[in-house]
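We count ligands from 1, going down the list as the structure has it; atoms in each ligand are counted the same way. Note that these values count all heavy atoms, side chains included, but never hydrogens, waters or copies made by symmetry. Note that the structure is predicted; figures quoted are calculated from it, not measured.
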Amino acid sequence: MHLPKAELHLHIEGTLEPELAFALAERNGVQLPYANTEELRTAYLFDDLQTFLDLYYALMAVLRTEEDFEELADAYLTRAAAQGVRHAEIFFDPQAHTARGVPIGTVVDGLGRALDRSEEKHGISTQLIMCFLRDQSAESALETLEAAKPYLHRISAVGLDSAEVGHPPVKFREVYEVAGALGLRKVAHAGEEGPPEYIREALDVLGVERIDHGLRCMEDADLVKRLVAERMPLTLCPLSNVRLRAVDTLEDHPLRAMLDAGLLCTVNSDDPAYFGGYVGDTFHAVHEALGLEREQLRTLARNSFEAAFLDHDEERRARYLAEVEAYEFD
Ligand SMILES: Nc1ncnc2[nH]cnc12
Ligand SMILES: [Zn+2]
């Protein structure tokens with residue numbers, strides 16, 4: 001669906017399509033434990049977040065050079081442009097690469113090469129969000145932030161991802177304080193598999209400005225009231241929620257109820273190479289499965305630009321919002 005939109009919840013490593021994974025494996029002399037792309041695709045049946053993460057981290061072995069990261073990001077931007085994305089705030093997981101001996105500079109400079117050309121080549125403005133892996137220690141997150149200091153001109157925000165349950169936001173209080181003092185904005189995954197309490201903690205302890213997922217807020221009426229009152233954006237990922245079994249089917253997804261409750265919902269793709277669709281496909285899927293009206297889709301698109309970190313460029317935000325209003329559904 002070509003409705004103009006911002007994508008605010010997208011892990012660049014989760015855009016690694018099987019074809020590119022095999023091409024990079026060959027180029028870098030990395031042996032993958034699958035015979036071909038079809039065999040790899042059969043592994044894309046997940047029981048939960050952890051079974052997905054195991055494959056997601058394993059496949060990253062093929063990403064080694066700046067060129068690899070550049071190609072990965074350029075392939076995503078090409079697909080995103082074809083689906084109406086006008087602005088993308090892109091997550092990356094530095095610790096998943098430094099742990100394999102790939103320096104953070106290789107990752108950021110490689111992604112940066114594609115991002116620098118994005119506006120001209122794809123018509124998409126971009127930002128980078130550096131995520132800490134919450135199943136690693138707080139010390140490791142602090143070391144990562146320290147290692148990122150030479151690259152902060154390319155990074156707008158910090159995020160928190162990976163295995164959620166058992167790793168509450170409070171574990172990262174200090175690193176978020178330091179990140180804030182460095183002028184970085186703050187988001188965190190919360191309430192994907194973890195309880196509503198993690199959403200409160202992300203707000204109250206980490207001081208985040210958006211909640212990534214936030215799905216489980218619906219179990220806590222007081223929390224919903226607060227999120228509505230604060231106009232706190234939620235970056236929902238409905239196809240991801242189905243594939244990782246947070247909901248049984250897309251028809252069961254609470255997106256419609258969340259919109260009806262007045263929550264500032266956005267719709268995003270999370271890890272599109274693994275979950276069956278990019279963000280335009282996701283808009284189309286929720287339209288079909290939940291019967292969302294066109295005006296509700298327009299609200300989702302409007303919300304995405306409202307929730308984007310475009311405060312330094314309100315003129316651009318206004319331009320994108322005007323494109324949303326002018327869009328004619330076919
Ligand atoms: N959906 C997700 N939740 C947590 N961490 C992730 N890393 C990549 N995708 C993720
Ligand atoms: Zn995510």
Take every heavy atom of Phe91, measure it against each atom of ligand 1, and state whether any distance is under 4.0 Å. no
For the rings on His189 and His11, is their centre-to-centre separation under 6.0 Å? yes
Would Ser162 count as a contact of ligand 1 if the rule is a heavy atom under 4.0 Å away? yes
Would you say Glu192 reaches the Zn ion (ligand 2) with an N/O/S atom under 2.8 Å? no
Judging by distance only, is a nitrogen or oxygen of His9 under 3.5 angstrom from one on ligand 1? no
Charged N-O contact under 4.0 Å between Arg185 and Asp311: yes
Taking both backbone and side chain into account, is any N, O or S atom of His213 nearer than 2.8 Å to the Zn ion (ligand 2)? no
Can you confirm if the aromatic rings of Tyr56 and Phe52 lie within a centre distance of less than 6.0 Å? yes
If you take the centroid of each ring, where Trp contributes its six-membered ring, are Phe69 and His97 closer together than 6.0 Å? yes
Would a line drawn from the ring center of Phe91 to the ring center of His9 be shorter than 6.0 Å? yes
Return yes if a side-chain donor-acceptor contact under 3.5 Å exists between Asn241 and His253, otherwise no. yes
A student checking ligand 1 against Leu53 at a 4.0 Å heavy-atom cut-off should list atoms 6 (C), 7 (N)
Option of least heavy-atom distance to atom 10 (C) of ligand 1 (set: Arg243, His11, His213): His11
A student checking ligand 1 against Asp271 at a 4.0 Å heavy-atom cut-off should list atoms 1 (N), 8 (C), 9 (N), 10 (C)
Give a rough value, rounded to 10 degrees, for the angle at the Zn ion (ligand 2) between atoms NE2 of His189 and NE2 of His9. 90°
